[in-house]
Chemist: 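Sharing a structure, written as structure tokens. Questions coming.
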Amino acid sequence: MLQMVLQNSISGMAMGLLYGVIGIGVCLFWQTTGLINFAHISSAMLGAYFFYTFHVMWNLPIVIAFVLAVALVALYGILILRGVVYRQIMGRKGGRLEFIVATMMLNIFLLNLTIVLWGGVPYPFPNIFGSPMNPLRIGGITIQHHSLWVLGFTVALVIGLNYFFKRTLTGKALRATAQNKDTASLMGIGVEKMTALSFAMSTGVTAIAGILLAPIYFVSVELGGGIIGIKGFASAVIGGLTNPFGALVGGLLIGLTENFSVFYISSSYRDVITFVLLVFFLIARPQGLFKKM
Amino acid sequence: MLKITNLSVSYGDIPALKKVSLEVKQGDVVSVLGANGAGKTTLLKAISGLLRGDSDTQIEFMGELIHQLPPNEIVKRGIVHLPEGRQVFSDLSVLENIEVGSYSRQDRSNIKSEIAECFEMFPELVGKEKQLAGTLSGGEQQMVATARALIAKPQLLMVDEPSMGLAPVVVKRIFGLLREFVKRGITILLVEQNAYMSMAVSNYAYIIAQGEIALHGSVEDLKKDEAVKDSYLGVKKKKKD
Ligand SMILES: Nc1ncnc2c1ncn2[C@@H]1O[C@H](COP(=O)(O)OP(=O)(O)OP(=O)(O)O)[C@@H](O)[C@H]1O
Ligand SMILES: [Mg+2]
């Protein structure tokens, strides 16, 4: 019994942390723009495809392929998402609704572009995060190497982001910009530059999540489809949208609930759980679990 | 130092400032007085770049035309705007607010010791470095905002209603500090409702009414002006006595 609980917690945790990382991306975007990017999850898909191309197709070393893939997605965030979509809509005094529709269309466009460029058939992801065939066994519990990698990346990400936001002047300036753009500009902060930075961070972080999700979902357009994105979004909402680290807790909550309900109820409820949690939080605690960072 | 010619600003179709011309000389304390809605805040926002004047507008600072520059570039040239209502970053700590105030500085060598000086100037803030600025009292927030402006090393400091909502003792203190800043070589452009207080620290004043300069002159002269006495100083002075 205890063993079952532990086993489910560990599997749920890895998935939950990944939803959480996607949620961190949602928060980083919301922080400075006050908007939700409906093409958010396509950054995860792009990250996985770029990494696959660089590492598997072009044989670049893992680290270089990883850095290149994340940087390229961040660049897409600055140039396409901000430079084209966001600029155009803000330039025309468009509002939230316009941005939602535009990013939904962007998501569809990117899905189709991916199919055109890489084909619609999923690629198997190389076992760089350990093979699922020989997991660690401690007592009666199996732990996938992949889960440990996810944990490691998440911890590194949290430490890195925390350092950036709390210790560096740029990070503090970004938080100031998120709170009040006009006053921030009176401090000499370039609001445009800060927006660009948060676009890059939001898409880049999500690309990392995409690469880590690929061993589970393959390198496929499924990564850029709805359900994973919705879980990431739900993690952010549960965490409070204004606190990136809250999103991790939200993600863990979803990942764990999902795993236990599959185990105790039925696997057909797996995706419904997210919506149940989302609706529950929107009714019971719409401001989310955590306060602004 | 600062020379504004024909500044007109409107919000949509509604004009808020009409062909305002104004000059601030180095070392001066210039007051801008006027009733609610006269356009004082609009004037400061137009100077700091938060608002744009129309095409006839010219704003010159230290020999450079700045009316096309964005706010973050204007600060770098030495014009620091302490906005109305203090506008501290409420979710940043007291210390972080002051640090962010130094963002525009190119020369960062003495920042640490200058921040320490800020806390010497406002001993009330000592021990509250880590407290979120939004949880401070109004007076303390004014101190944070003042420290945040000072750390930017202003040549011209523009202050918008520093006395708003503060107890008389705190107001006195703030005005005392403004005098102190002048001694340090900072030129000040001061917007105030409290005409009595601001006339006491300044040497030149502009009176704005409905977006236009109604009157301007040295404080000496304005104090003698009957109309000014009646509408701007009279009431306040009686209250004071
Ligand atoms: N964002 C805005 N949109 C529309 N009208 C505005 C806006 N801000 C100010 N105004 C109008 O412009 C005029 C000047 O406003 P401003 O804030 O400059 O006045 P003020 O002299 O600073 O007043 P107060 O002493 O009350 O602060 C007012 O009539 C005001 O209603
Ligand atoms: Mg005002």
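These numbers come from a predicted model, not from an experiment.
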Chemist: So that I can tick it off, tell me whether Glu98(A) and Arg92(A) are bridged by a salt bridge, with the cut-off set at under 4.0 angstrom between side-chain N and carboxylate O.
Modeler: no

Chemist: For Lys18(B), does the NZ atom sit with more than 12 other heavy atoms under 6.0 Å from it, leaving out its own atoms?
Modeler: yes

Chemist: Are Phe153(A) and Phe66(A) near enough that their ring centres are under 6.0 Å apart?
Modeler: yes

Chemist: Can you say whether Lys193(A) sits under 4.5 Å from chain B via the side chain, the backbone, both, or neither, judging by heavy atoms?
Modeler: side chain

Chemist: Under 4.5 Å from any heavy atom of chain A, what part of Leu50(B) do you find: side chain, backbone, both or neither?
Modeler: side chain

Chemist: At a heavy-atom separation under 4.5 Å, does Arg86(B) approach chain A through its side chain, its backbone, both, or neither?
Modeler: neither

Chemist: So for Lys291(A), is it side chain, backbone, both, or neither that comes closer than 4.5 Å to the heavy atoms of chain B?
Modeler: neither

Chemist: Going by the side-chain hydrogen bond (donor to acceptor under 3.5 Å, both in side chains) test, name the single residue among Thr183(A), Thr177(A), Asp182(A) that passes it with Asn180(A).
Modeler: Thr183(A)

Chemist: With distance as the sole criterion, is a donor-acceptor pair present between the side chains of Ser163(B) and Glu192(B) under 3.5 Å?
Modeler: yes

Chemist: Find the one option among Asp91(B), Val100(B), Val88(B), Ile74(B) whose heavy-atom pairs under 4.5 Å with chain A are most numerous.
Modeler: Asp91(B)

